[in-house]
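The chains referred to below are lettered A, B, ... by the order of the sequence lines, with proteins before strands, and numbering in each begins at 1. On a predicted model such as this, the values are computed, not experimentally measured, just so you know.
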Amino acid sequence: LTYIEQRGIIQYIEFRGIDQEEEEAAMKKRTMEHTELLVLSLLSQGDLYGYQMIVELERRSEHAFDMKEGTLYPILHGLERQGAVEAYEAEGPNGRVRKYYRLTKKGGKYLKDQREEWRSYSEAVNAVLRSCEAG
Amino acid sequence: MEYKRFGEWREAALNQVRYWPDHDAIGRELESHYEDHRDDLIRIGWPQEEAEAHALAALGDPEAVGKALDREHSPWLGRLFTVSRVALVITCFLYVSLIFSNDFDLTHFVNSFRPFSVKEAAGELRVEWYNEEAHPAYLGDCVATAGRGRAVQACDFTLTPVKALEWETYGAYRTLITIQVEWSPRYWGMEPTFDDELCVRYNGGEADNIRSRFGFYEHGGSYEPAWAHVHANSYSVRGFRNTALSVELATEEPAEWVELYYPYGDNDWTLRVELEAVE
């Protein structure tokens, strides 16, 4: 985006008067998309149930992700509805029946797209940061 | 609001989910998560009460979680899914009932194209009805036949003579004629009553229409007067009603032609089948 275009967007945003609530909703949406990507990445390693995913996310991110655990389930159910994952019930070692999630073919393709999108986005952000540091 | 027990938390979350058939499954999954977390904390030395409180707090706000779940378990999508499953079950049921109903009897359907088989060997003829053992009366020398006739329109019926055979047995003659009858769907529900009303005439006069093809002795054990038995098998094919009509005639003298007369309101019709003598 050129400077003028950016200005234009900023003015448009100001004109629309985006309030705190909308901003929070947008943030939530972004967080949800990222969580979807993380969940699908975990499932590409093997079948997991919800609690295992939370534990794995904490372990692999070195406790950087601090999400409310209950919010994982709407994301999982949404992915299941879209056909990106499928669920089945199985008994765990302690006899408790758990709902496991498995990545589907469609989910694998979705993960690939999301991963590429994330990489190009993070590369763009890094490029801006690097140029600012150098400048 | 502070939720001290998991049961309260779950109820608060599920209250937000409008599609109630999914409540059980969601509740079980959340409970399993909560118990796993609580048990892990106890295992590393947390006191039970604190472990429960921590595991519950980690789940987050039940109303927010419930609202998010509600979006994924939309009542409309759920109902649509339920309705489609019910529709599938009904369709399967109707399909199976159609196949096993009297209207679509597979045996009748197959037999309608081959209602009787005829074996001719060294001038001897053997007629077998619907895979049954041949009755002695259905064994004899073939004296006359008629091949497949062209389809003719008679009022609302399309009649196609399929085959006719005449043979000599016990010093008398039997004639078997099969006709394919198709009629317009406009007349669904008005099943023709060929069995009762079809009149069978031949060169010797009119035959008595008897109800049972084994009615020879009921008929007095005689071929005078001649008698006929009419048998109609109805079924549906691609929405059209069809009847495989079989007419059996027993006469003292050989039949040279047979006329089938059907009184159908103001539109009576007669179909004549000419038999050709076998040299």
Tell me, side chain or backbone of A:Glu89 under 4.5 Å from chain B's heavy atoms, or both, or neither?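 For A:Glu89, side-chain heavy atoms alone lie under 4.5 Å from chain B.
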
Considering only heavy atoms, which portion of A:Ile54 lies under 4.5 Å from any heavy atom of chain B: side chain, backbone, both, or neither?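 When you check distances to chain B, only side chain atoms of A:Ile54 fall under 4.5 Å.
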
Could you check which of B:Leu30, B:Asp36, B:Asp40 has the highest count of heavy-atom pairs closer than 4.5 Å to chain A? B:Asp36

Top of B:Ala58, B:Ala68, B:Ala13 for chain A proximity - count of heavy-atom pairs under 4.5 angstrom: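 Max contact count across the listed options: B:Ala58.
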
Polar contact flag, side-chain donor to acceptor under 3.5 angstrom, B:Gln48-B:Glu52: yes

For the residue pair A:Tyr49 / B:Glu29, report whether a side-chain donor-acceptor contact shorter than 3.5 Å exists.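 Result is no, nothing qualifies.
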
Is the distance between the ring centroids of B:Phe194 and B:Tyr262 under 6.0 Å? yes

Against chain A, label [X] side chain, backbone, both or neither, depending on which of its atoms sit under 4.5 Å from a heavy atom there.
X       : result
B:Asp39 : side chain
B:Ala57 : backbone
B:Leu69 : both

Evaluate A:Arg96 against B:Glu35 for salt bridge (Lys or Arg N to Asp or Glu O under 4.0 Å), listing each step before the verdict. CA-CA 10 Å; A:Arg96 196 172 285 153; B:Glu35 286 175 353; 3.2 Å; yes

Residue pair B:Asp70, B:Tyr19: steps toward the side chain to side chain donor-acceptor pair (under 3.5 Å) verdict: CA-CA 7 Å; B:Asp70 181 57; B:Tyr19 190 61; over 6 Å; no

Work out which heavy atom in A:Gly70 is nearest to a heavy atom in B:Val65; give both atom names and the distance. O-CG1, 3.4 Å

